[in-house]
Amino acid sequence: MSVPVPVREFTAKLNSYLKSLTKSEKKVADYVQGRFDEILYLSVTDLAELADVGETTVLRFCRKLGFKGYQEFKLALAKDALNPLANLHGDIEESDEFLVTMQKVNVSNIQAISETTGMIDPKELDQAIDMILASQKIHFYGAGVSGITALDAKSRFMRIGLSVDASLDSHHQAMAAATLSQHDLAIGFSISGSTKDTVDALAIARSNQAKVIAITHFARSPITKLADVVLLNSGREAPLQGGSLAAKIAQLHVIDLLYTGVALRIKDKALYYKEKAAKAVADKAY
């Protein structure tokens with residue numbers, strides 16, 4: 001097995017791999033050189049389109065350089081291409097006073113909501129609400145932080161009487177997706193749009209004729225190819241910024257838009273089940 005190429009030496013080292021690259025893989029190499037910062041924020045689909053190759057070519061290129069896949073390649077790039085502090089928070093600089101740091105974090109989180117509102121197509125949002133209301137079962141899928149978002153979505157919609165489910169276990173996700181039918185809906189969360197477990201679960205759901213909604217930052221990514229409706233959210237992040245609060249807030253904002261839209265459409269039912277849910281947990285607090 002080949003050893004991953006240190007990114008600091010990437011441009012020089014790449015020359016030693018050129019003879020082993022196919023014509024298509026060389027197109028990827030040509031595009032990547034000198035664009036390290038840009039690559040960090042591209043999905044595998046984005047890079048494939050910009051280099052005018054297929055996604056499998058990008059993956060082969062990464063593996064020939066010793067990486068397991070595109071995400072590991074971007075992780076290696078992130079270690080050297082960015083200011084180390086940018087991997088903690090994209091806007092923070094080491095010279096910032098703590099008050100300035102607080103203000104930057106505040107602005108970043110507020111901006112995530114504002115940008116997400118601007119990125120969502122109102123027609124797509126309305127269609128997504130229609131799909132939720134028309135479905136017998138609704139399953140939410142996500143991994144890592146997006147898995148926690150899926151659980152948040154389950155909690156919100158359960159309170160207004162919808163038949164919803166979510167699991168953090170990839171095996172359970174796959175099995176649950178296999179139980180869906182043309183009367184059901186699968187909703188997947190993935191900031192990168194390339195999370196394998198989530199994409200795989202949605203593919204299973206779609207193969208069983210369930211409808212699919214994708215909630216992601218990248219309009220061109222593997223998850224959107226499976227979706228009937230795509231809802232874009234802000235909060236893009238570099239590989240080492242995984243789990244950023246701004247990205248999480250952006251996802252939660254999409255949930256809130258969907259939840260509010262659904263609740264308004266079924267106001268009486270929503271209020272009835274919210275009251276029942278509140279009573280059910282009333283004795284859980286002092």
Side-chain angles (χ1 to χ4, degrees), residues 109 112-113 116 120 125 128-129 131-133 135-180 184-206 208 210-218 221 223 226-227 229-237 241-263 266 269-270 273-274 276-282 284-285:
N109 292 339
I113 294 176
T116 297
I120 290 180
L125 181 63
I129 292 170
M131 290 166 63
I132 290 173
L133 290 169
S135 300
Q136 292 181 1
K137 290 190 295 184
I138 303 165
H139 287 183
F140 298 100
Y141 299 98
V145 172
S146 291
I148 304 301
T149 301
L151 293 178
D152 286 335
K154 173 184 175 180
S155 177
R156 293 297 302 278
F157 285 97
M158 182 189 298
R159 287 174 179 269
I160 57 174
L162 273 62
S163 179
V164 294
D165 198 9
S167 172
L168 295 180
D169 185 277
S170 61
H171 289 236
H172 289 171
Q173 291 176 0
M175 290 187 288
T179 69
L180 299 180
D184 304 319
L185 174 64
I187 301 178
F189 298 91
S190 173
I191 295 167
S192 69
S194 303
T195 308
K196 190 175 186 302
D197 286 343
T198 304
V199 172
D200 287 349
L202 294 181
I204 294 171
R206 190 162 186 83
N208 286 282
K211 294 290 190 296
V212 173
I213 295 174
I215 299 173
T216 182
H217 175 70
F218 292 97
S221 57
I223 197 173
L226 296 167
V229 169
V230 176
L231 299 177
L232 298 177
N233 62 266
S234 180
R236 76 172 187 171
E237 54 187 20
Q241 287 178 286
S244 71
L245 186 58
K248 172 74 170 177
I249 288 171
Q251 289 181 328
L252 292 175
H253 184 54
V254 177
I255 292 174
D256 205 24
L257 292 173
L258 289 171
Y259 168 84
T260 302
V262 170
I266 57 168
K269 176 182 177 180
Y273 279 105
K274 278 179 72 70
K276 291 195 69 174
K279 288 181 179 178
V281 297
K284 305 296 183 183

If every non-hydrogen atom of Leu180 is compared with every non-hydrogen atom of Asn208, which pair is closest and at what distance? O-CB, 3.2 Å

May I ask you to test the Phe140-Val164 pair for a side-chain heavy-atom distance under 4.5 Å? yes

Mind running side-chain contact (heavy atoms from CB on, under 4.5 Å) on Ile148 and Leu168 for me, showing each step along the way? CA-CA 8 Å; Ile148 304 301; Leu168 295 180; 4.2 Å; yes

Side-chain donor or acceptor of Ser135 paired with backbone N/O of Lys137 under 3.5 Å: no

Are more than 12 heavy atoms from other residues, nucleotides or ligands located less than 6.0 Å from atom CZ of Arg159? no

Run the salt bridge (Lys or Arg N to Asp or Glu O under 4.0 Å) test on Asp184 and Lys211 for me, step by step, so that the C-alpha distance in whole Å, both residues' side-chain angles and the decisive distance to 0.1 Å come before the verdict. CA-CA 6 Å; Asp184 304 319; Lys211 294 290 190 296; over 6 Å; no

Rounded to the nearest 0.5 Å, how far does CG of Asp200 lie from CD of Gln173? 10.0 Å

Provide the closest heavy-atom pair for Ser192 versus Phe218 in the form atom of the first, atom of the second, distance. O-CD1, 3.2 Å

Among all residues two or more places apart in sequence or in another chain, which pass the side-chain hydrogen bond (donor to acceptor under 3.5 Å, both in side chains) test with Tyr259? Lys274

At what distance, to the nearest 0.5 angstrom, does CG of Leu151 lie from CZ of Phe189? 10.0 Å

Atom CD1 in Ile187, atom CD1 in Ile213: separation rounded to 0.5 Å? 4.0 Å

First locate atom CG of Leu162, then atom CZ of Arg156, and finally report the distance between them rounded to the nearest 0.5 Å. 12.5 Å

I'd like to check Leu226 versus Val199 (side-chain heavy atoms, cut-off strictly below 4.5 Å). Are they in contact? yes

Could you go through Ile132 and Leu258, starting from their C-alpha distance and side-chain angles, then the distance that decides it, and tell me whether this counts as side-chain contact (heavy atoms from CB on, under 4.5 Å)? CA-CA 9 Å; Ile132 290 173; Leu258 289 171; 4.2 Å; yes

Search all heavy atoms of Ala270 against all heavy atoms of Ala263 and return the closest pair with its distance. CB-O, 4.0 Å

Step by step, would you call Ser221 with Thr216 a side-chain contact (heavy atoms from CB on, under 4.5 Å)? CA-CA 9 Å; Ser221 57; Thr216 182; 4.3 Å; yes

For the residue pair Ala128 and Val229, what are the closest heavy atoms and their distance? CB-CG1, 4.1 Å

Can Gln251 and Ile191 be said to form a side-chain contact (heavy atoms from CB on, under 4.5 Å), step by step? CA-CA 8 Å; Gln251 289 181 328; Ile191 295 167; 3.6 Å; yes

Mind listing the closest non-hydrogen atom pair of Ile120 and Val254 along with its distance? CD1-CG2, 3.9 Å

NE2 on His139 to OG on Ser163, rounded to 0.5 Å: 7.0 Å

Can you measure from OH (Tyr141) to OG (Ser167) and round to the nearest 0.5 angstrom? 9.0 Å

Can a side-chain donor-acceptor contact be found between Thr149 and Lys248 if the only test is distance below 3.5 angstrom? yes

Taken in chain and number order and not counting sequence neighbours, the residues that satisfy side chain to side chain contact (heavy atoms under 4.5 Å, CB included) with Thr260 are Asp256, Leu264

